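Structure first, commentary second.
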Amino acid sequence: MNNRLLFFFFTLVMTLPLAAQNEMPAKEEGVACPIVKVDVQQLPDLHFARSGHATLCLNGEVTVIGGHTSGFIPTATAEYFSKGKWHPTNTIYPHDNGLYVVLKSGKVLIAGGHEKHLGIGQTFPTELYNPATHSFEGFGCLDVKRSLACGAEIDSGKVVIAGNWYAEDGIELYDGRKQFTFIKNTSINRAAPYMFRISKDNVIMLGNVDIHGKNPEETTVDCLRGNSFQVPLFMTWKPLPFLSSIQSSNSFVGDESKGIWSYLLPVQNKDGQIAIARVDGTSGMDSVPARFSLLSTTCDIPMQTKRGAILYFAPVIVDRNTQRAYLTGTDEECRWYILCVEYGKAKGSGKAPLTLYYTNPLPKDCLSIPVLTDDGDLMMAGGSRDDNFTPSANVFLMHLGNQASSTKTEKSHSLWIWMLVFCAVLAIIAFALLRKNRIRRNRLSMNNTDQEGKAPQQDNNIAEKSLNDSAYEQLMQRINELMETQKPYLNSELKVSDIADIFGIHRNEISACINSQKGCTFSQYINGYRIEHAKRQLRESPMKKVHAIWMESGFASEQTFFRIFKSNTGMTPKEWISSQND
């Protein structure tokens, strides 16, 4: 073992404890909870750009239904994601900002929506979606024309429905077969209300957005069974408003088998501070069917980071397998923030730990309520930010299912650190021995002697002596094959040493080989593949945003992409696309 390797081991041993601390979630100034960057994967685009739709996870498949497409035009379509692709299908009727309720049968009740383009009016039609067959069946009409309505199924299989937009509200009941029956008026006309089932046969309705999108001063809770009532908590904290059909079952944290009906509800005070409220159903002997309280957390929900203010815009989504809840927000640069609330640790007098995950900036036209996948990740499909006329077809997957608990301490036990050191040293020794043997085999197979017939001498400055032209030709073929099959150039952080490690030779040989066989540098060679990949994307997906294309093609920045594209083609991406259409 040479002196450099010994020095590396010594440096590793001395610095690993510091590195271990640096890997802990960072705490930004003024923010008490950990801030952690999360991986985002861009999936294939939807077939139809859409907003005002429902995104549901059904039978393990994420499915989008209804909404409106470009031009603010209602679309009678749906799509489901299977085997890495979106599969389009047609609904019976268009449902832009309609009602979507996932039933115990596995089917989805779909009803109402805007009657005309531009989000105007309401409709009657209803249909059922069967995810097992990916088919839709129209069967009846609502009792009241509705858009921006919500619903909740009770034990009898009936569905309680309320909410409307620019029209009278009221409670009606779907009997689970064909019939919709009006039950009673509500105390407040609401759009997209929260609807919480708080017993086997009772549902409460609340929300602080009226049918014109305004926030009334009074916040009253209505019930399917029983009288409306006031909530003391709402004197200070009001439910966070959303203009979208809400799946309140996604916020359920109780245990139906034990008759425990509990939900998490985002609330906001007059200063704009967000908190999480807990809604608990009570016994039949109580004067009100549900009670509201604030969930105790280890710190206040962060409203701002050094990157900017956070706007939370979606209901709480619960992962009951991990007892974690997520609240989604964004900032002006369209970074996404996902607040993780470990509500399971707030039992008794405990407090729920918080972790704030964030992403790089995403396309600004993509803003929609996410859905929890079966893997515990969050997927967002389509949506819009400020313009209903130009919705998005983008789809993003945020990998949260493999994230560790947010309650890591800033200090680790010394024994654990030294165990890491010992394992790291062993791994490095093993890697060094394997690399040395691999280099020896490559040297023997590719160049047993130099051009003068003498055995190559060891050079202490590089791992092995330069290869001859024949060996370079063979190596170049292997590099080309790697690029075509594995596409490592799509990694924006790819380095020449990464390719060298794959072939077990020194990085200088990779650079010399590319220079000898291709007449260019490693960076020029890799960027050539990236540009070709970008050109294919521009041809095959003309509706895809350039921002998404350069990211997918392996470029580190938009500026680099445009500079290299013009250098390679003599044109900007827009000019190049026009030249292909001539």
Side-chain angles (χ1 to χ4, degrees), residues 45-59 61-81 86-103 106-131 133-142 145-151 159 161 163-167 174 180 191-192 242-250 314-315 365-371 379-384 388-395:
D45 286 356
L46 297 170
H47 288 270
F48 302 93
R50 65 179 78 221
S51 185
H53 58 285
T55 307
L56 310 167
C57 189
L58 308 168
N59 285 351
E61 297 174 344
V62 173
T63 304
V64 295
I65 306 173
H68 61 263
T69 189
S70 301
F72 212 156
I73 300 172
T75 175
T77 63
E79 307 178 41
Y80 62 93
F81 191 70
W86 289 100
H87 303 267
T89 184
N90 293 322
T91 58
I92 306 300
Y93 309 103
H95 300 279
D96 182 16
N97 279 321
L99 162 78
Y100 309 90
V101 182
V102 181
L103 306 175
K107 296 182 179 181
V108 182
L109 172 65
I110 310 168
H114 297 304
E115 181 181 17
K116 301 177 182 179
H117 305 342
L118 312 181
I120 297 173
Q122 308 81 30
T123 61
F124 285 115
T126 60
E127 56 189 294
L128 286 174
Y129 172 61
N130 186 345
T133 58
H134 303 115
S135 60
F136 292 84
E137 175 191 1
F139 68 91
C141 296
L142 293 165
K145 291 197 297 185
R146 298 179 186 269
S147 58
L148 283 169
C150 294
V159 178
I161 299 170
N164 213 340
W165 182 246
Y166 276 77
Y174 166 55
F180 291 81
F242 305 108
L243 279 177
S244 179
S245 181
I246 299 171
Q247 303 292 319
S248 296
S249 58
N250 291 340
D365 58 353
C366 181
L367 199 69
S368 65
I369 294 179
V371 64
M379 183 186 292
M380 289 162 293
S384 62
N388 278 309
F389 292 86
T390 55
S392 171
N394 288 322
V395 181

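Note that the coordinates shown come from a computational prediction; the quantities given were computed from them, not determined experimentally.
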Under a 3.5 Å distance rule, please check whether R146 uses its side chain to pair with a backbone N or O of T123 as donor and acceptor. no
Can you tell me if H114 and D96 form a side-chain donor-acceptor pair at under 3.5 Å? no
Using a 3.5 Å distance criterion without hydrogens, assess whether the side chain of N164 forms a donor-acceptor pair with backbone atoms of S147. yes
Nearest 0.5 Å, please: how far is CG in L58 from OG1 in T63? 4.5 Å
Minimum heavy-atom separation for G383 and S368, please, with both atom names. CA-CB, 3.9 Å
CG/N388 to CD1/I73 distance, rounded to the nearest 0.5 angstrom? 12.5 Å
Side-chain contact, heavy-atom cut-off 4.5 Å: T77 with T89? no
Close side-chain approach of L109 and L128, heavy atoms under 4.5 Å: yes
Evaluate the side chain to side chain contact (heavy atoms under 4.5 Å, CB included) criterion for residues M379 and V395: first the C-alpha distance (whole Å), next the side-chain angles of each, then the deciding distance (0.1 Å), finally the verdict. CA-CA 7 Å; M379 183 186 292; V395 181; 3.9 Å; yes
Any side-chain heavy-atom pair of I65 and F136 under 4.5 Å: yes
Which salt bridge (Lys or Arg N to Asp or Glu O under 4.0 Å) pairs, counting each pair once, include a residue from residues 69-81, with sequence neighbours left out? R50-E79
Which of parallel (below 30°), tilted (30 to 60°) and perpendicular (above 60°) describes H68 and F72? tilted
Side chain to side chain contact (heavy atoms under 4.5 Å, CB included) assessment of L103 paired with V159: CA-CA 9 Å; L103 306 175; V159 178; 3.7 Å; yes
From CA spacing to verdict: side chain to side chain contact (heavy atoms under 4.5 Å, CB included), F139, T126: CA-CA 6 Å; F139 68 91; T126 60; 3.6 Å; yes
Criterion ring-ring contact (aromatic ring centres under 6.0 Å, His included) on F124 and Y93, from CA distance to verdict: CA-CA 10 Å; F124 285 115; Y93 309 103; over 10 Å; no
What residues form a side-chain contact (heavy atoms from CB on, under 4.5 Å) with S245, not counting sequence neighbours? Y100, C150, Q247
Below 30° counts as parallel, above 60° as perpendicular, anything between as tilted: where do the rings of H134 and Y80 land? parallel
What distance separates T91 OG1 from E127 CD, expressed to the nearest 0.5 Å? 5.0 Å
Work out which heavy atom in L243 is nearest to a heavy atom in A191; give both atom names and the distance. CD2-CB, 4.2 Å
For S135, enumerate each residue passing the side chain to side chain donor-acceptor pair (under 3.5 Å) test, keeping only those at least two apart in sequence or located in another chain. T133
For S70, enumerate each residue passing the side chain to side chain donor-acceptor pair (under 3.5 Å) test, keeping only those at least two apart in sequence or located in another chain. none
Could you pull out the closest heavy-atom pair between W86 and D45, with the gap in Å? CD1-O, 3.3 Å
Does a side-chain heavy-atom distance below 4.5 Å link F242 with P315? yes
Looking at H53 and V64, would you say the former's side chain and the latter's main chain have a donor-acceptor pair under 3.5 Å? no
Point-to-point distance, once rounded to the nearest 0.5 Å, from CG of L148 to CG of L99: 10.5 Å
Any chance the side chains of S384 and S51 put a donor and an acceptor closer than 3.5 Å? yes
Looking only at atom types and distance, does a side-chain atom of T69 sit under 3.5 Å from a main-chain N or O of A49, one as donor and one as acceptor? yes
Taking distance alone, no hydrogens or angles, what donor-acceptor pairs closer than 3.5 Å link side-chain atoms of residues 115-122 to residues at least two apart or in another chain?
| unit_1 | atom_1 | unit_2 | atom_2 | d |
| --- | --- | --- | --- | --- |
| Q122 | NE2 | W165 | O | 2.7 |

Take E61 and H87, measure what side-chain hydrogen bond (donor to acceptor under 3.5 Å, both in side chains) needs, and give me the verdict at the end. CA-CA 11 Å; E61 297 174 344; H87 303 267; over 6 Å; no
CZ (F48) and OG1 (T75) are apart, to the nearest 0.5 Å, by 5.5 Å
Is there a side-chain contact between P370 and T55 (heavy atoms, below 4.5 Å)? no
Can you name the side chain to side chain donor-acceptor pair (under 3.5 Å) partners of S392, sequence neighbours left out? N394
